[in-house]
Amino acid sequence: MSAKEPFYGFVPRMVSSKAAQQVMNGETNPFTKKPYSGQYKKILEARKKLPVFGQMDEFYTMFNKYQIIVMVGETGSGKTTQIPQFVCYSDLPHTRGKLVACTQPRRVAAMSVAKRVADEMDVPLGKQVGYSIRFEDMTEPGTTFLKYMTDGMLLREAMHDPDLTRYSTIILDEAHERTMATDILMGLLKALSRRRDDLKIIIMSATLDALKFQKYFGSTAGDPAPLFKVPGRTHPVEVFYTQEPEPDYVEAAIRTVLMIHRAEDPGDILLFLTGEEEIEDACRKIKLEADDLMNQDPSSVGPIACVPLYSSLPPQQQQRIFDAAPAAKGDGPPGRKVVVSTNIAETSLTIDGIVYVVDPGFSKQKVYNPRIRVESLLVSPISKASAQQRAGRAGRTRPGKCFRLYTEKDFMNELEEQTHPEILRSNLANTVLELVKLGIKDLVRFDYVDAPAPETLMRALELLNFLGALDDEGALTPLGAMMAEFPLDPQMSKMLIVSPEFNCSNEMLTIVAMLSVPNVWLRPPNMRREADAAKALLTVPDGDHLTLLNVYNNYQLNRDDRQWAWNNFLAGRALAQADNVRAQLQRTMERFDIDLVSTQDERKLYVNVRMALVCGYFMQVAHREGEKNQYMTVKDNQVVGLHPSCGLDTTPEWVIFNEFVLTTRPYIRTVTTVKPEWLLEYATTYFDFSTMPKGEARRALEAVYNKKHGKRKELDNESDNSTTRKSKKAKRT
DNA sequence: GAGCACTGC
């Protein structure tokens, strides 16, 4: 290195903040050797005002000394943008052919932070600083040394390189969110830190659970990992509670919004509710009542704009949350914007200008019941951490107020400290397969930050064993190794891999892709009949899986017609996404030399597809009990009905289903009719009579078995043709 | 005769 080299004399991981700042304040960009731009200097001045910048010295002392650091930084501390840069100046990954990784739970965050940091470092995005998310790799091998990425992406990389050798430092950001991928990564990194003493690890989190991470990542001697703490930069938020519990939180929320509108100073309102329907309904009511108020007394109440926000809203409409509040009418008071949102506004989206938050204290949360193998969404009380996060949304631009629609006593005594991490609320089939592929031998004794219920692990192991992904000893089979490579639930990767045997891998690729994206069916409230009619035209009566195939094929045939999706009440965004997913899955198929084949004869094709579906979803079979829309899931004996969105024109005796949903009653959704012979043939071990509970389903299967094997002839059963027609006439009345 | 909380590969 020459004397002109800005990093001259720098030794990796022995760099002081003084030296680093000298380079930052110099004239030459040490990473590009080009002179710094004017923009760089301007941004640098702003960076210097961030709380974390003032603690650079403390950071380097710790970073240089310890292998693992837990960092706590509240919103506005600048940790996500600054810490990875600080690390680069001491770690000097570019001089050693290494990378610094910083993970994010969300794609947009990985992209936007990478862009910001590239600007701050005065380099083009995708060169020295890049990002890597599914479907998009904005990095340049050999050049990129600071990479923002989704946590799931790093987990995928670990499957191929368990020692993550490319990285010199790994930073897990937003660890407090406890996504499944971050939780698994924490377990892997803890073990890896003992194999690779050259690897540095930083766990970054919002305040609350730092001690948990410190203990988890502590030394074997029991000392907690060192803590680096940076204050945030937000405005104070005054919190109010109700005196009594509110029996109807939606009604109370609307009342509170109107109270704020009448009595409080100007400033926008953010109201948290739990779902689309609730939100649309509340928006209508607020608008109606606020308009009434203004008409009654235009001199004291201003106009109001009520904006809904939830993820399935088209991006264009989501943008409305950033519109300015409506202007005052004449000399009247200024207008006010009310955003009524799901949890999306708690973490994923920030809206500036919010001064008032109304928090009823509920959100929809995923829960998993391993006993009946069902994930469902339940409206549940939020955690204290969540309530604090919501309140904080009122103090981003100036001091604000938060109205909690529950008592202070309930807040103190009833709310959990933290939302349960995802790993405790999910079906783990996929995760277990990933862990086994990662070489984790004993899943029950894996060092989880929070260990899932043994029953949940057992359910996952059982499923993977039935699918043939794990052998009876729990070891990965060649099939399982292949399945783990697909970004899919194991049932889906299984049916994809076997689909060439049924001559329908092209079709199965499509179906799996369609099952992996959000619902494609649109049903605007004022056009339900038209939407249903459009759907009926695309429906294949043998099953919803085939209908999805048909929808995709028609979408492809009409690619040139930009209006096609809209005219058919289909979500164009979801279809485009399916296209993307399909291409990615196809690449994985090709990598494994799995044949891409089709059946030409449509009637045979549909049968072939249905048989292949059985190979993956044989554990999700329901048998009709009686004549009406009443089914019983095989083996766990849950009474379910076909979901009203189901397109079957009959109620067949045997169906497989993709989803079990628990709403007004238990429903099975995305359903296709199958033949009992297929169950016996393609899932022999699962449909072993000795392990099946007695009942109609078992009797019917036994009859099929005996008939085939000529043991005993059933006289009263014509088997799979015994479907009953649903009365279309009765349906309409 | 209902509804996708939110992410991610």
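Rounded to whole Å, atom C1' of B/dC9 lies 13 Å from atom CZ of A/Arg591. Atom CZ in A/Arg528 sits roughly 11 Å away from atom C1' in B/dG1 (whole-Å rounding). Remark: C1' of B/dC9 and CD of A/Glu157 are 12 Å apart, rounded to the nearest angstrom. Atom CD in A/Glu174 sits roughly 14 Å away from atom P in B/dT7 (whole-Å rounding). As a whole-Å value, the separation of A/Leu377 CG from B/dT7 P is 13 Å. Rounded to an integer number of Å, the gap from CD of A/Glu375 to C1' of B/dT7 is 13 Å. Atom CD1 in A/Ile382 sits roughly 13 Å away from atom C1' in B/dA5 (whole-Å rounding). The CG-P distance, from A/Asp532 to B/dA2, rounds to 13 Å in whole Å.
A cation-pi arrangement is absent between A/Arg624 and A/Tyr631, since the terminal nitrogen or guanidinium carbon is not both under 6.0 Å from the aromatic centre and inside a 45° cone about the axis.
At the heavy-atom level, A/Ile344 lies under 4.0 Å from the strands shown only through sugar-phosphate atoms. If you check every strand for non-hydrogen atoms under 4.0 Å, A/Leu155 touches nothing. Base contact: A/Pro518 has a heavy atom under 4.0 Å from a base atom. Nucleic acid contact class of A/Ser363 (heavy atoms, under 4.0 Å, all strands): none. Heavy atoms of A/Thr150 sit under 4.0 angstrom from primed sugar atoms or phosphate atoms, though from no base atom. The residue A/Arg107 sits close only to the backbone: its heavy atoms come under 4.0 Å of sugar-phosphate atoms, none of a base.
Proximity of A/Arg156 to the phosphate of B/dG8: no side-chain N or O atom is located under 4.0 Å from OP1 or OP2. Here A/Ser645 does not reach the OP1 or OP2 of B/dA2: none of its side-chain N or O atoms lies under 4.0 Å away. At B/dT7, none of the side-chain N or O atoms of A/Thr179 fall inside 4.0 Å of OP1 or OP2 (strictly under the cut-off). Of the side-chain N and O atoms in A/Tyr667, one or more sit less than 4.0 angstrom from OP1 or OP2 of B/dA2.
In terms of position along DNA chain B, the nucleotide closest to A/Arg523 lies nearer the 5' end than the nucleotide closest to the other residue of the pair A/Leu309 and A/Arg523. Residue-to-nucleotide proximity on DNA chain B shows that, of A/Glu659 and A/Met153, the 5′-proximal contact is made by A/Glu659.
Between B/dA5, B/dC9, B/dT7, one nucleotide has an atom nearer to the side chain of A/Glu276 than all others, and that is B/dA5.
For the residue pair A/Asn658 / A/Tyr617, a side-chain donor-acceptor distance below 3.5 Å is found, with atom types taken as modelled.
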>> Working note: A/Gln491 + A/Met495, criterion side chain to side chain contact (heavy atoms under 4.5 Å, CB included); need CA distance, chi angles, decisive distance, verdict.
In response: CA-CA 6 Å; A/Gln491 293 97 320; A/Met495 63 192 193; 5.8 Å; no
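Taking the six-membered ring where the residue is Trp, A/Tyr406 and A/Phe411 present parallel rings, their angle staying beneath 30° rather than reaching 60°. Classified by interplanar angle (parallel below 30°, tilted 30° to 60°, perpendicular above 60°), the ring pair A/Tyr555/A/Tyr552 is tilted.
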